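See structure below.
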Amino acid sequence: MTARRDFDVVIAGGGMVGAAVAALLVTGPATASLKVALIEPRPALPPRPEEPLDLRVSALSRAAQNLLTAVGAWPRVLERQPCAYERMIVWDGAAPVDGPDTLVFDAADAGEPDLGHIAENRAVAAALIERAVAAGVVLLSSPVNGLELAEDAAWVTLDERRLAAGLVVASDGADSKLRGLAAVEGHGTAYPQEAVVGHLAAAHSHGRAARQRFLPSGPIALLPLADGRVSLVWSTTPEQAAELVAMGEDAFGAAVTRASDGVLGDLQAMSPRARFPLRRFQADRYVATRLALVGDAAHLVHPLAGQGVNQGFGDAAALVGEIGVALARGEDFGDPRTLGRYGRARRADNVLMGAALDGLWHLFADQHAAVRRARRTGLGLVNRVAPLKRLFIARALGA
Ligand SMILES: Cc1cc2nc3c(=O)[nH]c(=O)nc-3n(C[C@H](O)[C@H](O)[C@H](O)COP(=O)(O)OP(=O)(O)OC[C@H]3O[C@@H](n4cnc5c(N)ncnc54)[C@H](O)[C@@H]3O)c2cc1C
C-alpha cells in the first residue's frame with residue numbers, strides 16, 4: 001500500500017537552486033499537476049527599489065537566463081537592473097592586460113548580444129520564490145531537521161510537523177544537513193584561499209566587460225554592474241583576505257587598484273565587504289532512496305569561472321525534466337530509475353566542470369617558470385584559434 005503523502009515533492013532549501021526546482025515544477029506543463037512544498041527558513045524577499053544592491057551577485061549564463069524566463073521570473077530580475085556583459089578579459093598577472101597573450105571573449109564573435117548577466121542573488125531567489133508561490137507552491141518558513149527515506153515515501157521533520165512526500169529534493173546548500181542525514185558521502189578539499197567581495201567605483205568605464213587577472217595568490221575578478229560600479233571577487237590567501245576586509249576604505253581601494261594593475265584606473269570602495277571560504281566538493285552520488293541532491297548540496301566549485309549556480313540551475317532543469325518524463329510514461333517519479341537518470345547525467349557533467357575548474361586553478365597557482373610560460377602561451381593560443389574560442393564562449397553561455 002502506498003503511504004499517505006502530504007506533498008508529491010518537498011524541496012528543502014529555497015536558495016536560488018531550490019527555488020528554481022519549485023518554480024520549474026509548478027510552471028512546466030508536464031509537472032504542473034504536482035503538489036509541491038518549498039521549505040526555507042529565510043526566504044529571500046524582493047528587494048525594495050531604494051535598497052542598495054546586495055553584496056552577493058552572480059554571473060548568470062544564457063541558459064540560466066532562459067530558465068528564469070521560462071518560469072516567468074526574469075522580468076522581476078530585470079527590475080534590479082542586472083548588467084549584461086559583452087566581453088570577458090582574462091590575463092596572467094605577469095603580463096600586461098594589453099599584451100598578445102590576453103584572452104578576450106567577445107559576444108559579438110559568437111553572434112550573441114552578450115555573454116550573460118551579473119545579477120543580484122537575492123533578487124533571483126526572490127523572483128523564483130514569488131513565481132513558485134503564485135503558481136501553487138506551498139512555502140514553509142522553517143528549517144528541515146529530520147529525514148526518513150523509505151521505498152514508498154520520504155518524510156521530513158520541521159519544527160512542529162512531519163511531512164510525507166514522494167520525493168525530497170535537498171537544495172540546502174554547501175553544508176547540506178539533508179545530505180548528512182541521508183548518509184551521502186562526498187569528496188573535496190578546501191582551497192588555501194578565501195574570496196573577498198565588495199562593490200567599487202572605477203575611474204574608467206568598465207565597458208560591460210568582466211575582467212579577471214590571475215595573480216600568484218589567486219584570481220581577482222572585476223564584474224561590471226549596471227550602475228557603473230564593479231563587483232569584486234578576489235580570491236587570495238586567508239591572511240590577506242582578513243586584512244582586506246578589515247582595512248580602511250582608501251587602503252582597500254588602493255589595494256584592489258594595484259592588484260588589478262590599474263586596468264580601470266583608481267578604484268574606490270563603495271560597499272561593505274565580506275569574505276567566503278572556498279572549497280571544492282562532489283557528492284559521491286546525487287540520489288538516494290526518494291532523495292535528489294541539487295546545487296551546492298551536491299557540488300562546489302571555485303568561483304573563478306562563475307559556474308556554481310549555473311550548474312545548480314542545470315541540475316534543477318534536468319531533475320524536473322526527468323520527473324516530467326516519468327509522469328508522461330505513467331511511472332513513479334521518485335523511483336530509482338527516474339532518479340538514477342538524473343543523478344548519472346548531472347554528476348558526469350558537474351564532475352567534468354569541477355575537474356576543469358580545479359585544473360585551471362592549479363595551472364594558475366603553479367609558479368614554475370615553465371608553467372607560467374605555458375599558460376601565457378595557452379591563453380594566447382585560445383585567443384587566436386577561432387574554433388577553440390567559440391567552444392569556450394559556448395560553455396560560458398551554458399550551451
Ligand atoms: C564569492 C562567490 C562568488 C560566486 N560567484 C558566482 C557566479 O558568478 N556565478 C555562479 O554561477 N556562481 C557563483 N557562485 C556560486 C553560487 O553562489 C552558489 O553556487 C549558489 O548560491 C548555490 O545556490 P544553492 O541554492 O544551491 O545554495 P544556497 O544559496 O546556499 O541556498 C541554500 C538554502 O538552503 C537553506 N537551508 C539551509 N539549511 C536548511 C535546512 N536544514 N532546511 C531548509 N533549508 C535550509 C538556506 O537558508 C539557503 O537559503 C559564487 C560563490 C561565491 C562564494
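Sequential numbering from 1 along the given sequence is applied to the chain's residues. Whatever order the structure lists them in is the order used to number ligands and atoms, beginning at 1. Given the structure is predicted, the values throughout are model-derived calculations rather than measurements.
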statement: Residue set satisfying side-chain contact (heavy atoms from CB on, under 4.5 Å) with Phe281, at least two apart, ordered chain then number -> Arg179, Ala283, Leu300

task: Spell out, as yes or no, whether a donor-acceptor pair under 3.5 Å connects the side chain of Arg162 to the backbone of Trp155.
output: no

query: Can any side-chain N or O of Ser58 pair as donor or acceptor with the backbone N or O of Leu60 at less than 3.5 Å?
result: no

- line: Among non-hydrogen protein atoms, atom 26 (O) of ligand 1 lies closest to Asp296 N, 3.0 Å

- request: For Thr257 and Leu267, indicate whether the former's side chain and the latter's backbone hold a donor-acceptor pair under 3.5 Å.
  value: yes

query: For atom 33 (C) of ligand 1, what is the nearest protein heavy atom, given as residue, atom name and distance?
result: Glu40 OE1, 3.5 Å

task: Do me a favour and list the nearest non-hydrogen protein atom to atom 11 (O) of ligand 1 with residue, atom name and distance?
output: Val309 N, 2.9 Å

- request: May I ask you to identify the nearest protein heavy atom to atom 39 (C) of ligand 1, giving residue, atom name and distance to one decimal place in Å?
  value: Asp172 CB, 3.7 Å

message: Checking the side chain of Asp332 only, and the main-chain atoms of Gly334 only, is there a donor and an acceptor separated by less than 3.5 Å?
response: yes

message: If we set the cut-off at 4.0 Å for heavy atoms, which region of Asn145 has an atom near ligand 1: side chain, backbone, both, or neither?
response: neither

- request: Output the list of atoms in ligand 1 that are nearer than 4.0 Å to some heavy atom of Asn310, sorted by atom number.
  value: 11 (O)

task: May I ask you to list the residues sharing a hydrophobic cluster with Leu140, side-chain cutoff 4.5 Å, ordered by chain and number?
output: Phe7, Val10, Ile39, Val138, Val144, Leu147, Leu149, Val156, Leu158, Leu163, Val168, Leu178, Leu181, Val184, Leu291, Leu293

task: Can you sort out which atoms of ligand 1 are near Ala59, meaning under 4.0 Å from one of its heavy atoms?
output: 7 (C), 8 (O), 9 (N), 11 (O)

query: Under the 3.5 angstrom rule, does the side chain of Arg56 hit a backbone N or O of Arg122 as a donor-acceptor pair?
result: no

- request: State whether the shortest distance between N or O atoms of Val17 and N or O atoms of ligand 1 falls below 3.5 angstrom.
  value: yes

Side chain, backbone, both or neither: the part of Ser171 lying under 4.0 Å from ligand 1 by heavy atom: backbone

message: List ligand 1 atoms under 4.0 Å from Gly295, heavy atoms only on the residue side.
response: 26 (O)

query: What protein heavy atom sits nearest atom 53 (C) of ligand 1, and how far off is it?
result: Arg56 NH2, 3.7 Å

- request: Please identify which atoms of ligand 1 are closer than 4.0 Å to at least one heavy atom of Gly308.
  value: 10 (C), 11 (O), 12 (N), 15 (C), 19 (O)

- prompt: Between the candidates Gly306, Ala44, Gly180, Gly312, which shows the shortest non-hydrogen contact distance to atom 9 (N) of ligand 1?
  reply: Gly306

4.0 Å heavy-atom contact, Gln311 with ligand 1: no

- prompt: Considering only protein heavy atoms, which is closest to atom 28 (P) of ligand 1, and at what distance to one decimal place?
  reply: Gly173 CA, 4.2 Å

The single option from Glu120, Glu51, Glu50 passing salt bridge (Lys or Arg N to Asp or Glu O under 4.0 Å) against Arg80: Glu120

- request: Please indicate, with yes or no, if any protein heavy atom is found under 4.0 Å from atom 14 (N) of ligand 1?
  value: no

- prompt: Under 3.5 Å, is there a donor-acceptor pair between the side chain of Arg131 and the main chain of Val71?
  reply: yes

Contact check: Ala12 vs ligand 1, nitrogen or oxygen atoms, below 3.5 angstrom: no

query: Could Asp114 and Arg62 be called an ion pair, given the rule that one side-chain N must be under 4.0 Å from one carboxylate O?
result: yes

field: Short side-chain to backbone donor-acceptor contact, Arg76 and Ala126, under 3.5 Å
entry: no

message: When you measure from the side chain of Ser176 to the backbone of Ala297, do you find a donor-acceptor pair of N or O atoms at a distance under 3.5 Å?
response: no

message: Only heavy atoms of Gly13, strictly under 4.0 Å: list the atoms of ligand 1 that pass.
response: 34 (O), 35 (C), 43 (C), 44 (N)

message: Taking distance alone, with N or O pairs closer than 3.5 Å, would you say Ala195 contacts ligand 1?
response: no

- prompt: Should you measure from each heavy atom of Ile39, which atoms of ligand 1 turn up under 4.0 Å away?
  reply: 43 (C), 44 (N)

task: Verify salt bridge (Lys or Arg N to Asp or Glu O under 4.0 Å) between Asp175 and Arg279, making sure each step is shown before the conclusion.
output: CA-CA 11 Å; Asp175 299 315; Arg279 303 189 259 151; 2.7 Å; yes

message: Would Ala174 count as being in polar contact with ligand 1, using the rule that some N or O on each side must be under 3.5 angstrom apart?
response: no

- prompt: Of the protein's non-hydrogen atoms, which lies at the shortest distance from atom 21 (O) of ligand 1, and what is that distance?
  reply: Met16 CE, 3.6 Å

field: atom 42 (N) of ligand 1 - nearest protein heavy atom and its distance
entry: Val144 N, 2.9 Å

Contact summary for Thr236 and Ala241, nearest pair of heavy atoms: CG2-N, 3.8 Å

query: Quick one: which ligand 1 atoms are inside 4.0 Å of a heavy atom on Arg42?
result: 47 (O)

message: When you measure from the side chain of Glu130 to the backbone of Ala73, do you find a donor-acceptor pair of N or O atoms at a distance under 3.5 Å?
response: no

- request: Check whether any heavy atom of Pro41 sits under 4.0 Å from an atom of ligand 1.
  value: yes

